[in-house]
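Take a look at the structure below.
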Amino acid sequence: MPDATVARLPQYLRALTVLAERGTETVSSEALAAAAGVGSAKLRKDLSHLGSYGTRGVGYEVARLVQQISEHLGLTQRWSVVIIGIGNLGHALAGYGGFASRGFGVVGLFDDSPAVVGKRVNGLVVRPLAQFEAAVADERPTIAVLAVPAAVAQRVCDRVVATGVSSVLNFAPVVLQVPEGVHVRKVDLASELQILAFHEQRRAALARAARLVPGAAPAGRGTSGEPEAAAVAGVVR
């Protein structure tokens with residue numbers, strides 16, 4: 001299954017879960033695609049990798065599709081998670097109630113700050129990082145979440161990988177080097193904000209172009225479906 005398809009499966013599952021909660025039994029590819037924020041052709045191709053093609057004139061069975069996606073994502077079993085770094089972000093992650101409902105159980109919280117160690121967060125006591133290896137041996141987590149500063153992220157990651165944990169979710173703004181067989185997912189909140197800032201800046205430039213250039217298309221897209229690059233260039237220069 002292509003990585004891009006795997007990345008979209010949680011979007012489909014989230015949309016399907018909402019539909020199931022509303023009592024919806026079947027859904028068309030167009031309606032599901034709209035709820036997930038993708039094109040219907042892409043959705044149908046993605047779901048074909050699951051062996052699910054829907055029924056012409058009826059669509060997809062919501063409950064069955066939820067089960068299929070959950071199985072492919074490994075959500076029919078419970079995954080143990082540890083969080084390292086219980087600052088503001090780590091504290092918020094530790095307190096998030098959505099993990100349990102999606103098959104993830106947080107079994108350990110770790111930090112090396114005396115100001116944090118010993119405190120209880122969402123029923124778990126924050127333990128010193130010095131106890132990490134022993135805790136892993138006892139609890140056998142499968143996923144480690146790193147919410148540590150960039151300066152120590154690689155060192156902490158090396159320590160995590162040395163215990164045999166092979167899946168890491170990294171919130172530190174740094175690229176981690178890991179051995180083959182270890183999978184790292186990076187979440188960079190600052191980068192996401194910068195991307196949004198780019199789109200806001202472009203939207204503002206298009207709006208100025210529409211006001212200043214006679215006959216310019218409304219801000220957003222031109223008649224070809226692409227931004228009015230020439231008009232924007234004229235305003236930006």
Side-chain angles (χ1 to χ4, degrees), residues 1-81 83 89 92-107 122 141-143 145 167-171 183-189 191-200 202-203 206 217-227:
M1 184 180 296
D3 287 344
T5 295
V6 175
R8 286 189 290 269
L9 290 182
Q11 298 173 237
Y12 304 149
L13 182 59
R14 183 167 53 247
L16 287 162
T17 300
V18 172
L19 291 171
E21 290 172 349
R22 294 174 179 171
T24 303
E25 296 183 356
T26 60
V27 61
S28 68
S29 59
E30 290 78 10
L32 180 55
V38 302
S40 58
K42 181 178 293 183
L43 177 136
R44 287 191 293 270
K45 184 176 181 180
D46 286 343
L47 297 185
S48 71
H49 290 290
L50 309 180
S52 184
Y53 298 93
T55 302
R56 183 178 294 277
V58 177
Y60 297 91
E61 293 182 25
V62 171
R64 175 171 171 74
L65 199 48
V66 166
Q67 181 67 21
Q68 285 181 301
I69 294 176
S70 296
E71 289 174 354
H72 277 79
L73 288 176
L75 302 183
T76 54
Q77 58 182 304
R78 190 168 182 80
W79 300 97
S80 298
V81 178
I83 301 176
L89 177 57
L93 293 171
Y96 176 55
F99 289 140
S101 64
R102 290 168 172 81
F104 301 94
V106 179
V107 298
N122 201 24
T142 49
I143 300 171
V145 177
S167 293
V168 178
L169 181 61
N170 175 36
F171 281 88
H183 191 68
V184 176
R185 295 286 296 178
K186 185 174 183 292
V187 181
D188 191 335
L189 299 178
S191 292
E192 297 301 322
L193 288 173
Q194 289 166 353
I195 292 170
L196 288 174
F198 164 79
H199 289 295
E200 286 298 321
R202 185 174 63 174
R203 186 178 294 110
L206 289 167
R221 292 188 177 274
T223 55
S224 65
E226 296 298 324

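In this chain, numbering begins with 1 at the start of the sequence shown. Quantities reported herein were computed from a predicted structural model and do not represent experimental measurements.
Val38 has its side chain within reach of Tyr12: a pair of non-hydrogen atoms, C-beta onward, lies under 4.5 Å apart. Side-chain contact between Val81 and Val107: absent, with no pair of heavy atoms (C-beta onward) separated by less than 4.5 Å. Side-chain contact between Asn122 and Val106 is absent, with no heavy-atom pair separated by less than 4.5 Å. A heavy-atom distance below 4.5 Å is not found between the side chains of Phe99 and Val145.
In Arg185, the CZ atom is not crowded: 12 or fewer heavy atoms of neighbouring residues, nucleotides or ligands sit closer than 6.0 Å. Residue-environment remark: NZ (Lys186) exceeds the threshold of 12 foreign heavy atoms within 6.0 Å.
Note on residues 1-28: pairs passing salt bridge (charged side-chain N to carboxylate O under 4.0 Å, His left out), not counting sequence neighbours, are Arg8-Asp46.
For Leu89, the side-chain contact (heavy atoms from CB on, under 4.5 Å) criterion is met by Leu93, Ala147, Phe171, not counting sequence neighbours. Applying the side-chain contact (heavy atoms from CB on, under 4.5 Å) test to Glu30 and every residue at least two apart in sequence or in another chain returns Ser28, Ser40, Arg44.
Taking CG of Leu50 as the reference point, atom CD of Gln68 lies at 6.0 Å (rounded to 0.5 Å). Taking OH of Tyr60 as the start and CG of Leu19 as the end, the distance is 13.5 Å to the nearest 0.5 Å. Leu43 contributes atom CG, which lies 10.0 Å from atom OG1 of Thr5 (distance to the nearest 0.5 angstrom). Considering CD of Glu61 and OG1 of Thr24, their distance stands at 13.5 Å, rounded to 0.5 Å. In this structure, CD on Glu71 lies 10.5 Å from CG on Leu73, to the nearest 0.5 angstrom.
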### Query
Which is it for Leu16 and Val27 under the side chain to side chain contact (heavy atoms under 4.5 Å, CB included) test, yes or no, and what are the steps along the way?
CA-CA 9 Å; Leu16 287 162; Val27 61; 4.2 Å; yes

Determine whether Val168 and Ile143 satisfy the following criterion, side chain to side chain contact (heavy atoms under 4.5 Å, CB included), listing intermediate values before the conclusion.
CA-CA 6 Å; Val168 178; Ile143 300 171; over 6 Å; no

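Without hydrogens or angle criteria, Thr142 side chain to Ser80 main chain gives a donor-acceptor distance under 3.5 Å.
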